[in-house]
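One structure below.
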Amino acid sequence: MADPLTDLEAALAQMAGTPVALERPADAAHGDYATNVALRLTGTQRRPPRDIAADLATAAESLPAVERAEVAGPGFVNLFLGDGWFGGALGSILGAGDSFGAGSPAKAERVQVEMVSANPTGPMTVASARNGAYGDSVARLLTFAGHEVEREYYYNDSGAQMDRFRASVDARRRGEEPPEDGYHGEYIHRLAAQDGDPVPRMLASIEGSLERFRVHFDSFAKQSELEARLPEFLPRLDTYEKDGALWARSSAYGDDDDWVLVRSAEQGGLPTYRAADVAYLADKLDRGFDRAIYVLGADHHGTRKWYAAVARMLGYDPERVEVLLYQLVHLTKGGQATKMAKRRGDVVFLDEFMDEIGVDAARWYLVSRGHDQTIEIDIDLAAESSRANPVYYVQYSYARIAGILRNAEVAVAGSGPVGELAREERDLVKRLAEFPAVAAEAAVRRAPHAIPTYAIRLADDFHRFYHEHKVLGSESESFRLGLVTATQAVVERCLGLIGVEAPERM
RNA sequence: GCGCCCGUAGCUCAGUGGACAGAGCAGCGGACUUCUAAUCCGCGGGUCGCAGGUUCGAAUCCUGCCGGGCGCACCA
């Protein structure tokens with residue numbers, strides 16, 4: 001079932017003979033919606049855009065939803081909609097219920113989102129948390145878009161870094177300093193106080209932090225197990241030997257270089273992490289995922305071509321492999337940059353961050369700017385400035401509506417409006433009607449930050465409406481109850497898409 | 001040197017071809033016997049890094065330059 005805005009676009013498209021995109025003009029004098037379709041058609045129709053626009057405007061006025069249509073500027077068609085359209089739009093939003101804005105793709109994909117995948121040599125850091133906040137929100141968007149999504153965490157349980165990590169814990173157990181190239185953080189002491197392999201314990205701690213951060217993993221993959229399966233996949237690869245090592249001829253498949261899969265005897269003769277990459281990629285796609293999404297920090301951007309090359313080499317469509325990059329988190333302390341070096345231990349851990357500003361503000365903060373934008377966090381200012389986090393502004397709109405609904409005596413009917421609609425009511429309905437397009441585009445572009453941006457605008461329209469109009473006891477009570485009910489549901493959906501809770505009271 | 005990303009208000013950032021470029025924070029000034037003032041309203045604030053190009057139209061696309069971040073292993 002289509003949403004109200006799409007329905008209107010479809011009706012206009014029929015008249016124009018081409019797809020029509022409606023947008024909301026910045027200036028209210030330009031109508032409820034406008035389209036530039038006449039400007040786009042001027043090339044193919046070889047007619048002045050204003051002539052085309054005039055024809056479309058005349059045709060549009062025959063639609064029951066359209067009160068009047070005007071040609072403006074170089075050839076825009078501005079549409080002024082009647083109250084009937086707003087009532088109908090709200091009705092269909094309420095009718096759609098939980099599925100309002102949800103996608104129903106022609107072919108639903110099975111998607112794996114692999115994210116975080118930090119080696120368990122220390123607690124979750126804020127830097128890695130951006131990976132989780134971003135990847136998990138993309139996963140939620142894809143689920144809402146109608147796909148079947150699983151989240152996986154991949155970690156190295158046996159490499160050189162892990163050896164150094166274990167050696168560092170062992171050193172502490174003997175009462176010695178960890179090796180120079182080992183791990184020196186305070187948490188090493190705590191691990192040393194307990195017996196056994198510290199790796200599973202560290203991994204459990206990471207998982208716990210991520211669960212608290214509302215990032216849940218369906219599965220975990222170990223590098224050692226995948227490495228062991230390398231012989232299965234080697235015959236499918238294009239390889240050669242050079243300097244005693246086994247190389248993948250990835251440069252012939254779109255990468256810039258060839259890479260070593262198995263080290264030479266002098267270098268130990270063990271497989272590299274790239275060998276595990278090969279096995280892992282084949283494993284993912286063989287497990288039946290239509291699409292394998294890797295969520296990686298910008299420092300790994302060089303591996304983008306590598307994954308595509310591996311897919312080609314293995315005989316898979318590289319379109320099935322997608323690498324999502326996000327820029328890094330830079331921490332500063334009172335303006336002074338600190339390097340995020342886990343080994344030195346001078347980092348901000350996710351748990352501290354959540355203690356400091358709360359899970360909601362933390363998730364909002366890490367996902368609300370574009371993933372191509374580097375995030376600067378001044379850890380001295382983070383707690384203070386978090387009070388101004390717009391997440392509370394959005395949550396407050398939800399809580400305010402919850403208050404209205406608690407006080408409402410009648411069940412929400414959501415009938416048509418009584419009398420003429422107010423500007424704030426129309427604006428709010430239009431904002432709600434935008435949501436399906438916002439959610440769909442955010443999913444396609446893997447850009448969850450569009451959701452907080454939209455949610456702020458929605459809350460803005462609601463707060464303005466709330467300030468100007470009484471819901472309970474008004475002549476339009478039934479209509480307005482429907483309006484705020486729909487608003488509350490969309491706010492909740494937006495928050496849910498980025499892993500933030502919707503509080504009944506604040 | 002090569003590659004990826006970024007440069008928009010004092011600060012943090014939206015805005016991937018449309019109308020006079022937006023929001024939050026910060027600053028100043030207003031609004032609570034009311035369904036929650038964590039709210040609302042107003043004011044000030046801009047060479048969209050710079051220069052060319054494409055287009056009826058460019059913050060947005062292309063080229064070059066200048067700044068900044070991150071990479072270029074038989075580490076992961």
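Letters A, B, ... mirror the listed sequences (proteins, then strands); counts begin at 1.
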Pair S264(A)-D243(A), side-chain donor/acceptor within less than 3.5 Å: no

C1' spacing across the pair U12(B) / C32(B), given as an integer number of angstrom: 31 Å

F462(A) and Y466(A) aromatic centres sub-6.0 Å: yes

hbond_proxy T272(A) side chain to C74(B) base (donor-acceptor, 3.5 Å cutoff): no

Closest-nucleotide ordering on RNA chain B, the 5'-leading residue of Y466(A) and N78(A): N78(A)

Touch class at under 4.0 angstrom, heavy-atom based, for E504(A) against every strand present: base

Listed nucleotide nearest any side-chain atom of P390(A), set G24(B), C74(B), U39(B): G24(B)

Exercise: do H371(A) and R446(A) side chains pair donor with acceptor under 3.5 Å: no

Minimum-distance nucleotide (side-chain atoms of Q161(A) versus A76(B), C20(B), A73(B)): A76(B)

Sugar-phosphate only, base, or nothing, as touched by Y392(A) at under 4.0 Å among non-hydrogen atoms: base

Carboxylate-amine/guanidinium proximity below 4.0 Å for R464(A) and D460(A): yes

Phosphate-side-chain proximity, H449(A) and G15(B), N/O vs OP1/OP2 below 4.0 Å: yes

Sugar-phosphate only, base, or nothing, as touched by R505(A) at under 4.0 Å among non-hydrogen atoms: base

For RNA chain B, the residues among residues 360-372 of chain A that have a non-hydrogen atom under 4.0 Å from it: R369(A), G370(A), D372(A)

Watson-Crick or G-U counterpart of C50(B), or none if no pair lies under 3.5 Å: G64(B)

Heavy atoms from other residues, nucleotides or ligands near CZ of R47(A) exceed 12 (cutoff 6.0 Å): yes

Residue whose nearest RNA chain B nucleotide is more 5′ - A265(A) or H469(A): H469(A)

Sugar-phosphate only, base, or nothing, as touched by N36(A) at under 4.0 Å among non-hydrogen atoms: base

Whole angstrom value for the distance that separates P of A14(B) from CD of E441(A): 15 Å

N/O (side chain, Y393(A)) to phosphate O (OP1/OP2, C40(B)) under 4.0 Å: yes

Distance test, side-chain N/O of R387(A) to OP1/OP2 of A38(B), below 4.0 Å: no

Whole-Å distance separating the CZ atom of R50(A) from the C1' atom of G57(B): 15 Å

Shortest side-chain distance from H463(A), nucleotide among C25(B), C40(B), G18(B): C40(B)

Aromatic stack H30(A)/A19(B): centroid gap under 5.5 Å, interplanar angle under 30°: yes

Partner nucleotide of G18(B) by Watson-Crick or wobble geometry (both distances under 3.5 Å): C56(B)

Sugar-phosphate, base or nothing in reach of I401(A), heavy atoms under 4.0 Å: nothing

Ring-base stacking, F76(A) with A19(B) (5.5 Å, 30° cut-offs): yes

Listed nucleotide nearest any side-chain atom of H330(A), set C70(B), C6(B), A76(B): C70(B)

Watson-Crick/G-U partner (both atom distances under 3.5 Å) of G10(B): C25(B)

C74(B) phosphate, OP1 or OP2, under 4.0 Å from R274(A) side-chain N/O: no

Touch class at under 4.0 angstrom, heavy-atom based, for A402(A) against every strand present: nothing

Closest to side chain of H301(A), choosing from C74(B), C4(B), A76(B): C4(B)

Sugar-phosphate only, base, or nothing, as touched by A298(A) at under 4.0 Å among non-hydrogen atoms: sugar-phosphate

R464(A) CZ - G24(B) C1' separation (whole Å): 14 Å

Whole-Å distance separating the CG atom of L296(A) from the P atom of C70(B): 18 Å

Ring center gap for H300(A) and Y294(A) short of 6.0 angstrom: no

Donor + acceptor pair across side chains of S251(A), D258(A) (<3.5 Å): yes

Passing option when V491(A) is tested against V394(A), I401(A), L432(A) for side chain to side chain contact (heavy atoms under 4.5 Å, CB included): V394(A)

Sugar-phosphate, base or nothing in reach of T453(A), heavy atoms under 4.0 Å: sugar-phosphate

Phosphate contact (A73(B) OP1 or OP2) by Q267(A) side-chain N/O below 4.0 Å: no

Salt bridge (Lys or Arg N to Asp or Glu O under 4.0 Å) partners of E475(A), counting only residues at least two apart: none

Sugar-phosphate, base or nothing in reach of G73(A), heavy atoms under 4.0 Å: nothing

Watson-Crick or G-U wobble partner of G44(B), both distances under 3.5 Å: none

Separation between the P atoms of A23(B) and G44(B), rounded to whole Å: 12 Å

Sugar-phosphate, base or nothing in reach of E266(A), heavy atoms under 4.0 Å: nothing

Side chain of R40(A) (C-beta onward), nearest among G17(B), C35(B), A76(B): G17(B)

Identity of whatever pairs with C70(B) - Watson-Crick or G-U, under 3.5 angstrom: G3(B)

Complementary nucleotide for U34(B) - Watson-Crick or wobble, under 3.5 Å: none

Closest to the T374(A) side chain, choosing from C74(B), G69(B), G18(B): G69(B)

Side chain of L39(A) (C-beta onward), nearest among A76(B), C5(B), G18(B): G18(B)

